[in-house]
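In what follows, a single structure is set out as structure tokens and then discussed.
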Amino acid sequence: GAEGSTLMSYFSKNQIRALKPKITFSTLRDLQCPVLQSNDLQGKPEESCSTEELFEWLGAVLNQVSLDNNSSSFLSTYCCPEPNTVVEKAFLCTITGFIIPEKIIQLLEQLCCYFGEPKLAYWLTLTVHGFADSPVSWRESEHGFHKGGENLYNFVIFRNLDYWLQMAVGAHDDCPP
């Protein structure tokens with residue numbers, strides 16, 4: 001009826017805008033980065049950091065939290081885990097919008113090309129966030145918002161093309177197998 005045609009005209013006018021992701025680029029200079037070994041998930045003192053330490057560090061970087069453990073900071077006294085190294089330039093790209101899985105696979109493939117010449121990076125990451133208040137999560141379960149609405153996964157890809165896959169979901173959500 002009339003309601004259906006009104007909806008159709010609304011979507012045909014607005015869907016192009018809605019489907020166009022917003023892309024932002026930034027360069028982070030002199031960034032302290034954890035030292036990682038692809039075959040060592042737990043990390044080793046003075047040799048490499050663990051997956052948990054990386055995940056926490058990544059959260060700080062993506063939220064632009066200072067890593068210098070400044071005692072006068074009201075926001076955070078977080079500092080980069082040890083061992084770490086200072087990277088002169090790190091590139092951060094954020095894509096916001098509705099992104100289908102095929103596009104995420106394409107992004108992963110393009111990122112892996114970055115390990116070609118010149119071989120500057122030892123590892124890189126791709127983090128995919130679901131919306132915190134998304135109605136669905138993995139599998140057949142509804143997404144439980146509760147406190148934080150965690151709903152994300154993160155690839156860490158190494159120069160030798162080994163990779164880690166980290167997942168974070170809320171306590172009441174199903175996690176994929």
Practice item. Could you tell me which non-hydrogen atom of Gln37 sits nearest to which non-hydrogen atom of Glu47, and how far apart they are? Key: NE2-O, 4.5 Å

Study note, to complete from the structure: Rounding to 0.5 Å, atoms OG1 (Thr125) and CG (Leu58) come to a distance of 4.5 Å

Review point. From Leu107 CG over to Phe155 CZ, what is the distance, rounded to the nearest 0.5 angstrom?
Key: 11.5 Å

Point to revise | Worked verdict on Leu31 versus Val61 for side-chain contact (heavy atoms from CB on, under 4.5 Å) | key: CA-CA 9 Å; Leu31 179 68; Val61 170; 4.2 Å; yes

Review point. Does Asn154 reach the side chain of Leu165, with side-chain heavy atoms less than 4.5 Å apart?
Key: no

Review point. Within a strict 4.5 Å, meaning less than it, do heavy atoms of the Leu54 and Glu56 side chains meet?
Key: no

Exercise for review: May I ask you to test the Ile95-Lys103 pair for a side-chain heavy-atom distance under 4.5 Å?
Suggested key: no

**Study point:** Test log, rule side-chain contact (heavy atoms from CB on, under 4.5 Å), inputs Tyr153 and Ile104
**Key:** CA-CA 12 Å; Tyr153 59 91; Ile104 293 166; 3.6 Å; yes

Review point. Does Arg159 use its side chain to pair, donor to acceptor, with the backbone of Trp123 at less than 3.5 Å?
Key: no

Exercise for review: Give a yes or no on whether the backbone of Leu41 and the side-chain of Trp164 come within a donor-acceptor separation of less than 3.5 Å.
Suggested key: no

Review point. Are the side chains of Leu152 and Val128 in touch, meaning some heavy atoms are under 4.5 Å apart?
Key: no

Exercise for review: Please name the pair of heavy atoms, one in Gln32 and one in Asn84, separated by the smallest distance, quoted to 0.1 Å.
Suggested key: NE2-OD1, 3.6 Å

Check your understanding: Are any of the side-chain heavy atoms of Pro83 and Cys49 separated by less than 4.5 Å?
Key -> yes

Practice item. Is it possible for you to say whether Ile23 and Leu126 belong to one hydrophobic cluster, with membership spreading through side-chain heavy-atom contacts below 4.5 Å? Key: yes

Review point. Hey, are the side chains of Leu62 and Leu92 touching, using non-hydrogen atoms and a 4.5 Å cut-off?
Key: yes

Study note, to complete from the structure: Rounded to the nearest 0.5 angstrom, the OG-CG distance for Ser48 and Leu36 is 7.5 Å

Review point. How are the rings of Phe91 and Phe25 set relative to one another: parallel (under 30°), tilted (30 to 60°) or perpendicular (over 60°)?
Key: parallel

Check your understanding: When you measure from the side chain of Glu53 to the backbone N and O of Ser50, does any donor-acceptor pair fall under 3.5 Å?
Key -> yes

Check your understanding: Which distance, rounded to the nearest 0.5 Å, do you find between the CD of Glu88 and the CG of Leu28?
Key -> 13.0 Å

Review point. Applying the 4.5 Å side-chain criterion to the ILVMFWY set and letting contacts propagate, would Tyr163 and Leu124 be lumped into a single cluster?
Key: yes

Study note, to complete from the structure: When every non-hydrogen atom of Leu161 is compared with those of Ile157, the smallest separation belongs to CD2-CG2, 4.4 Å

**Study point:** Student check: side-chain heavy atoms of Cys93 and Thr24 closer than 4.5 Å
**Key:** no

Exercise for review: Count the heavy atoms of every other residue, nucleotide or ligand shown that sit under 6.0 Å from OH of Tyr122, and state whether that count exceeds 12.
Suggested key: no

Review point. More than 12 foreign heavy atoms under 6.0 Å from CZ of Phe158: is that the case here?
Key: yes

Check your understanding: From Gln106 CD over to Ile100 CD1, what is the distance, rounded to the nearest 0.5 angstrom?
Key -> 8.0 Å

Check your understanding: Looking at side-chain heavy atoms only, is the closest gap between Gln166 and Val156 below 4.5 Å?
Key -> yes

